[in-house]
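This report refers to the structure that appears directly beneath it.
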Number of protein chains: 2
Amino acid sequence: MTAVRPRTRARRGEGSKLREVILDTAERLLIEARDADAVSMRAIADAVGVTPPSIYLHYADKEALIRAVCERSFAAFDEVVERAGNTTDDPVESLRRRARAYVQFGLDNPEQYRILFMGKAAGVADPIDLSNMPGSLAFLHLVEAVERAIGAGLLRPGLEPFLVATGLWAAAHGMTSLLISLPEFPWPDVDTLVDHVCESMTYGLGRPDQRKQAQP
Amino acid sequence: MTAVRPRTRARRGEGSKLREVILDTAERLLIEARDADAVSMRAIADAVGVTPPSIYLHYADKEALIRAVCERSFAAFDEVVERAGNTTDDPVESLRRRARAYVQFGLDNPEQYRILFMGKAAGVADPIDLSNMPGSLAFLHLVEAVERAIGAGLLRPGLEPFLVATGLWAAAHGMTSLLISLPEFPWPDVDTLVDHVCESMTYGLGRPDQRKQAQP
DNA sequence: CTGCTAAGTGAACGCCGTTAAGTGACAGGG
DNA sequence: CCCTGTCACTTAACGGCGTTCACTTAGCAG
């Protein structure tokens, strides 16, 4: 019962203003409910002050609306991570700051993160367009950051940047994902965890003197 | 249309046999649909050969039934990972084999994994009982495996086994989770990825000579 | 055979996402 | 000033969902 039909009809040619209002409202309800299934089209329509079919004038279906919400939330994702990475000149420290920013951003937008990165796989019928995903650009920038670290001689030469970036992404995502889905686990402090994992991946958990072989 | 009411009423005292039949059927439909939402109680009842209310004689609600399916699928999880870890005497190699087994088990039971480890956080009202989760025992065993590796002098002394185990878990989960949710990403071969991440976490991505400091 | 009770069924409730058809207001032309 | 087209929306409904309640039927003990 947030706003029950106070809305006045839009003027001619301004029908698409409703699109924005719906998006804002859906985002608010999604954040409040922390669960897309618990946000019904009817509830969104009610909160906007409109009837349910009006939503379909602007969004094909519920999934499209929810995805629009998530994509807008994550529009700033790449930029935030990039900015965090650019606060230092040390390419390895930069990677650590990127990881921190990644995890924090996910935790700040948990349901959106869950829908975008932890949802059910798209069917073979309508596969996700990876290139349009908000995270794609961020991943490309991560690959570049890895290349800089290798180029600076701080990571082992010969490492494949793509493979390294994929591994770093998986590690950051793993922390984010588990923190979102299993909050009752006795997690250490988030930054402690992120720093530990970055430290592990940079310097290794193994004793240097026990090192068997360093692959190229 | 898999089996439309061929079922004969159970004998007296054997009502709980239906419980197992429902569980088997729900598991089958869940695997087929790869999506719990797409498996309706009515569809399960139909496939069993029974009416929907009968399910509620054995399971409180749909969530309880689906969770029962997932928990049964993951009953063998800890054992599988342990067995994989016990195929070598080298404690570090053992960790790598555990990671491989973890990821593979998740990929073999993707929807169950997604529900158990990538679901929405339980509300504050009814928090998940972590100690009863199938993964809890596996995590404890992972902590022990880490302790053995430290005890054998293969990992840096002074490392906190719990923190290390949490980081390894996050890394393994991150790969599993992303592989499940974003199959259209150009993933490297799964074992290549797992091995790379394990290698990174063991020996580090950094050049040994560039090492700054080794935290205790 | 009778009666008890376990093992189900039938029918309904209120919700959901979605669609087809209808309506009313407003801008522009005559 | 009124007519008319069309844009912005509503009304009403469909089929499906999880779930509940009242009811019935079938197997067994006595």
Side-chain angles (χ1 to χ4, degrees), chain A residues 1 3-23 25-26 29-30 32-33 35-69 115 119-120 123 125-126, chain B residues 1-23 25-26 29-30 32-33 35-70 115 119-120 123 125-126:
Chain A
M1 327 319 161
V4 198
R5 304 287 176 92
R7 185 185 155 84
T8 60
R9 190 195 194 85
R11 299 195 153 175
R12 243 172 197 222
E14 302 186 341
S16 68
K17 279 191 176 175
L18 180 55
R19 188 183 173 86
E20 308 289 314
V21 179
I22 290 171
L23 196 61
T25 306
L29 294 183
L30 182 65
E32 283 173 19
D35 175 6
D37 287 340
V39 178
S40 71
M41 296 295 264
R42 283 172 166 89
I44 296 169
D46 265 16
V48 169
V50 103
T51 56
S54 299
I55 299 179
Y56 293 86
L57 300 173
H58 299 284
Y59 298 94
D61 52 22
K62 183 178 181 180
E63 199 208 316
L65 170 56
I66 295 294
R67 203 179 46 237
V69 169
I115 291 166
K120 35 199 167 220
D126 36 53
Chain B
M1 323 317 164
T2 29
V4 198
R5 301 290 176 90
R7 186 185 154 85
T8 59
R9 192 196 193 83
R11 299 194 150 177
R12 264 214 170 182
E14 303 185 342
S16 67
K17 281 190 175 176
L18 180 55
R19 188 183 173 85
E20 309 288 316
V21 179
I22 290 171
L23 196 62
T25 306
L29 294 183
L30 182 66
E32 283 173 17
D35 175 5
D37 286 340
V39 178
S40 72
M41 294 297 264
R42 284 173 165 89
I44 296 169
D46 265 16
V48 169
V50 104
T51 57
S54 299
I55 300 179
Y56 293 86
L57 300 173
H58 299 284
Y59 298 93
D61 51 23
K62 183 179 181 179
E63 198 207 315
L65 170 56
I66 295 294
R67 203 179 47 239
V69 168
C70 295
I115 292 166
K120 37 197 164 221
D126 38 51

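The sequence lines fix the lettering, A, B, ..., with proteins before strands; numbering per chain opens at 1. Here the structure is a predicted model, which means the values were calculated and not measured.
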Report task. Using atom types as modelled and distance alone, determine if a side-chain donor or acceptor of B/K17 lies under 3.5 Å from a backbone N or O of B/R11. Result -> no

Query - Side chain of A/L57 (C-beta onward), nearest among C/dG8, D/dT10, D/dC9 - result: D/dC9

Query raised in the report: Is the side chain of A/R7 donor-acceptor paired with the backbone N or O of A/V50 at a distance under 3.5 Å, no angle test?
Result: no

Report summary line: Reading nucleotides 14-22 of chain D from 5' to 3' and marking B where a protein heavy atom lies under 4.0 Å of the base, S where only the sugar-phosphate is that close, and - otherwise, the string is ---BBBBB-

Requested in this report: Starting at atom CD1 of A/I44, determine the distance to atom P of C/dC16, rounded to an integer number of angstrom.
Outcome: 11 Å

Query raised in the report: Do A/L23 and A/L65 come within less than 4.5 Å of each other through their side chains, counting heavy atoms only?
Result: yes

Under 3.5 Å, which protein N or O atoms sit close to an N or O of nucleotides 3-7 of chain D? Give each pair with its distance.
{"from": "D/dG5", "atom 1": "N2", "to": "A/R12", "atom 2": "NH1", "distance (Å)": "3.3"}
{"from": "D/dG5", "atom 1": "N2", "to": "A/R12", "atom 2": "NH2", "distance (Å)": "2.7"}
{"from": "D/dT6", "atom 1": "O2", "to": "A/R12", "atom 2": "NH2", "distance (Å)": "2.0"}

Query raised in the report: To the nearest angstrom, how far is A/R19 atom CZ from D/dA8 atom C1'?
Result: 16 Å

Report task. Only counting residues at least two apart or in another chain, list the ones meeting salt bridge (Lys or Arg N to Asp or Glu O under 4.0 Å) with B/K120. Result -> A/D35, A/D37

Report summary line: Separation of C/dT18 atom P from A/Y59 atom OH, nearest Å, is 14 Å

Query - Spatial distance of atom CD1 (A/I22) from atom OG (A/S16) [nearest 0.5 Å] - result: 10.5 Å

Query - A/S40 side chain to A/A43 backbone, donor-acceptor under 3.5 Å - result: yes

Report task. Send over the distance from A/H58 NE2 to D/dC9 P, rounded to a whole Å. Result -> 6 Å

Query - Contact check, side chains of B/C70 and B/I66, non-hydrogen atoms, under 4.5 Å - result: yes

Requested in this report: Give a yes/no answer on whether the side chain of B/S54 brings an N or O atom under 4.0 Å of OP1 or OP2 in C/dT9.
Outcome: yes

Requested in this report: Nearest whole angstrom, please: distance from the C1' of C/dG8 to the NZ of B/K17.
Outcome: 16 Å

Query raised in the report: Distance from B/I115 atom CD1 to B/R67 atom CZ, nearest 0.5 Å?
Result: 11.0 Å

